[in-house]
Q: 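Just passing along the structure, written as structure tokens.
Worth knowing before you read on, the calculation uses all heavy atoms, side chains too, and leaves out hydrogens, waters and symmetry mates.
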There are 2 protein chains.
Amino acid sequence: MTKTPGLPVRGSTTGRPIMVLFDILGQRWTLRILWELREERLTFRELQNRCDNMSPTILNGRLKQLRDSGFVDHEEGGYGHTDIGRELTDHLVVFDGWAKNWAEKIGMEYEAPQ
Amino acid sequence: MTKTPGLPVRGSTTGRPIMVLFDILGQRWTLRILWELREERLTFRELQNRCDNMSPTILNGRLKQLRDSGFVDHEEGGYGHTDIGRELTDHLVVFDGWAKNWAEKIGMEYEAPQ
DNA sequence: GTTTGTGCTACAGAAAACATAGCATGGAGT
DNA sequence: ACTCCATGCTATGTTTTCTGTAGCACAAAC
């Protein structure tokens, strides 16, 4: 079941791009997968390891979806971002700094390990 | 079950803020709820309507979570963003324009209704 | 005192995700 | 040729999450 802008998705019959995007990102592990690929290409199993040993069934499903959506490809060296996938992930990277700020405001200072 | 930076979440034992954020956003409807509140306060039922009549059970759960996380409050006029919730949502608004671009690249020109 | 709006909760069924096992392919080494 | 290992999955049964529908409790308006 491919999710493409223009086609209806869960929670939206119009296929409006932002809704399609929300539908994709609002599934468990999707954001995390994009995130983990931010620095280097990873094999299926490396990716699985970094994603807390998530179920391969789901990982495979997500990767299929991300490839269908044009965010991820699978070439020499494993799975990695396409150009547009990198663009999307760059936006996510912004959230990293932002989240630390949020963490402080919410009353919890998080200290990075090491 | 409150999700707070510093406490472990699904897929991350460290409670690293970005992971907590991904855990929250990577649930169905959460992105959508933040999105629908971007312009005005909405009552529970208005919000439900805009979110494709999502199940009130889940809506209630999400709202609890978003309040616990400090993104949403419930005051005069219904549910709405806190300052930090607005900040987060501003980032999401960026995705709207971006998603249209993505839609074109992926080979589907989406025309907004009306 | 009945109707309308609001903010939910209850509950049964459907869908998604999980954990674990294991298979098929391909290359390296011996 | 054959074992060994990495890689990319699929299969299966269980658990968790989400859905859909019904309905309750409170408050204000009429």
Q: CD1 of I58(B) versus C1' of dA14(C): gap in Å, rounded?
A: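 Rounding to the nearest Å, CD1 of I58(B) and C1' of dA14(C) are 13 Å apart.
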Q: Side chains of I33(A) and L59(A): closer than 4.5 Å at any heavy-atom pair?
A: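 The answer is yes, as the side chains (C-beta and beyond) meet within the 4.5 Å cut-off.
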Q: Taking M54(B)'s backbone N and O only, do any of them form a donor-acceptor pair with Q48(B)'s side chain (distance below 3.5 Å, no angle check)?
A: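 Side chain of Q48(B) to backbone of M54(B): a pair is present.
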Q: Round to the nearest Å and state the distance from Q27(A) atom CD to dC18(D) atom C1'.
A: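 It works out to 13 Å between those atoms.
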Q: What's the CD-C1' distance between E76(A) and dT7(D), to the nearest Å?
A: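 Rounded to the whole Å, the gap is 13 Å.
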Q: Calculate the interatomic distance between R62(B) atom CZ and dC18(D) atom C1'; express it in whole Å.
A: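 The distance from CZ of R62(B) to C1' of dC18(D) comes to 8 Å, rounded to the nearest Å.
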Q: Does dC18(C) have its OP1 or OP2 closer than 4.0 Å to a side-chain nitrogen or oxygen of W29(A)?
A: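 Result: yes.
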Q: How long is the line joining CZ of R32(A) and P of dC18(C), in whole Å?
A: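 For the pair R32(A) CZ and dC18(C) P, the rounded distance is 12 Å.
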Q: Rounded to the nearest Å, what distance is computed from the CZ atom of residue R41(A) to the C1' atom of nucleotide dA6(D)?
A: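 Rounding to the nearest Å, CZ of R41(A) and C1' of dA6(D) are 18 Å apart.
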Q: Once each nucleotide of nucleotides 8-15 of chain D is scored for protein heavy atoms under 4.0 Å, what B/S/- sequence comes out, 5' to 3'?
A: BBBBB---
Q: Can a salt bridge be assigned to the pair K64(B) and D68(B) using a cut-off of 4.0 Å between side-chain N and carboxylate O?
A: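 Looking at D68(B) together with K64(B), the answer is no, because their closest N to O distance does not fall below 4.0 Å.
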Q: Indicate every side-chain donor-acceptor pair of residues 80-87 of chain A with a distance under 3.5 Å to a residue at least two apart or in another chain.
A:
unit_1	atom_1	unit_2	atom_2	d
H81(A)	NE2	L34(A)	O	3.0
H81(A)	NE2	T89(A)	OG1	3.2
T82(A)	OG1	G70(A)	O	2.5
T82(A)	OG1	F71(A)	O	3.2
T82(A)	OG1	G85(A)	N	3.0
R86(A)	NH1	R38(A)	O	3.3
E87(A)	OE1	W98(B)	NE1	2.8

Q: Any idea how F44(A) and Y79(A) line up, ring-wise: parallel (<30°), tilted (30 to 60°), or perpendicular (>60°)?
A: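 The rings of F44(A) and Y79(A) sit tilted, inter-plane angle from 30° to 60°.
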Q: Indicate yes or no: does R41(B) engage D73(B) in a salt bridge with an N to O separation below 4.0 Å.
A: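 D73(B) and R41(B): salt-bridged.
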Q: Check whether any side-chain N or O of R28(A) sits under 4.0 Å from OP1 or OP2 of dT16(D), and answer yes or no.
A: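 It does not, given that no N or O in the side chain of R28(A) lies less than 4.0 Å from OP1 or OP2 of dT16(D).
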Q: Expressed as a whole number of angstroms, how long is the span from D52(B):CG to dC18(D):P?
A: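 It works out to 16 Å between those atoms.
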Q: Let me know the distance between CG of L59(B) and C1' of dG20(D), rounded to the nearest Å.
A: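 Spelled out: CG on L59(B) to C1' on dG20(D) is 14 Å.
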